[in-house]
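Some notes on the structure that comes next.
Because the structure is predicted, anything quoted here is derived from the model rather than measured.
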Amino acid sequence: MEWLGIGVLILAIAIAVGIGFLIPVLNKLTKTLDNTAQVIGQAEKSLEDITGEVKLVLYNTNETLLDVNQKVKKLDPIFDTIEDAGNATHHLTATLAQFTDKKNEKCQRWH
């Protein structure tokens, strides 16, 4: 029985030493996990703030695009008028060019 008692005593001492080494490690692990939880909480708050800002920027961008589209639609008739005026001017200059060519041919025949 004495050997059994000595074995149990050695085993108890080994477990106590093991626990003595594990306590600081577990305390450090607890602190690390607490710090990690704090960092994750801060990251979540920052992400919420950034998400809110991005939503606001996207909303303002959409509003600006709608405004620009409305203003461009109002300019469409002006561009159509300019195109019509350009076509009319082109037709007029083409007609004048034909007229001057015919007059030039008549003048060359007489000389």
Side-chain angles (χ1 to χ4, degrees):
M1 273 300 206
E2 290 180 23
W3 288 105
L4 183 61
I6 293 173
V8 169
L9 180 65
I10 291 174
L11 186 60
I13 292 173
I15 290 174
V17 169
I19 290 174
F21 282 116
L22 282 178
I23 288 175
V25 171
L26 291 175
N27 283 337
K28 289 255 185 194
L29 181 62
T30 301
K31 288 179 184 177
T32 302
L33 290 176
D34 287 342
N35 288 338
T36 303
Q38 287 177 355
V39 168
I40 289 173
Q42 290 172 351
E44 286 176 349
K45 179 158 178 23
S46 296
L47 189 58
E48 287 173 7
D49 293 343
I50 290 171
T51 301
E53 290 293 322
V54 168
K55 285 180 182 178
L56 181 63
V57 167
L58 288 175
Y59 175 79
N60 288 335
T61 302
N62 285 336
E63 291 296 315
T64 302
L65 284 174
L66 290 173
D67 185 45
V68 167
N69 284 337
Q70 289 174 351
K71 289 178 180 174
V72 167
K73 284 181 184 177
K74 289 180 182 178
L75 291 176
D76 280 346
I78 294 171
F79 290 127
D80 290 340
T81 302
I82 292 171
E83 181 184 8
D84 292 343
N87 288 336
T89 304
H90 175 71
H91 181 68
L92 176 65
T93 55
T95 303
L96 286 174
Q98 289 175 356
F99 178 74
T100 54
D101 282 344
K102 287 180 183 178
K103 288 293 182 182
N104 192 15
E105 286 176 12
K106 286 183 182 178
C107 285
Q108 285 180 358
R109 285 187 211 160
W110 290 18
H111 293 313

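- A distance of 11.0 Å separates OG1 in T89 from CG in L96, rounded to the nearest 0.5 Å.
- Taking the side chain to side chain contact (heavy atoms under 4.5 Å, CB included) definition, one finds that I78 meets it with L75, I82, sequence neighbours left out.
- Atoms OG1 and CG, on T81 and D76 in that order, are 10.5 Å from each other to the nearest 0.5 Å.
- A donor-acceptor distance shorter than 3.5 angstrom exists from the side chain of N69 to the backbone of L65, with no hydrogens or angles considered.
- Note that the CG atom of N27 and the CG atom of L22 stand 10.5 Å from one another [nearest 0.5 Å].
- Under a 4.5 Å side-chain heavy-atom cut-off, the cluster of Ile, Leu, Val, Met, Phe, Trp and Tyr residues that includes L58 is completed by I50, V54.
- The structure places CD1 of I19 at 10.0 Å from CG of L26, a figure rounded to the nearest 0.5 Å.
- Atom CD1 in I6 sits 13.5 Å away from atom CG in L11 (nearest 0.5 Å).
- How far CG of L4 is from CG of L9: 11.5 Å, rounded to the nearest 0.5 Å.
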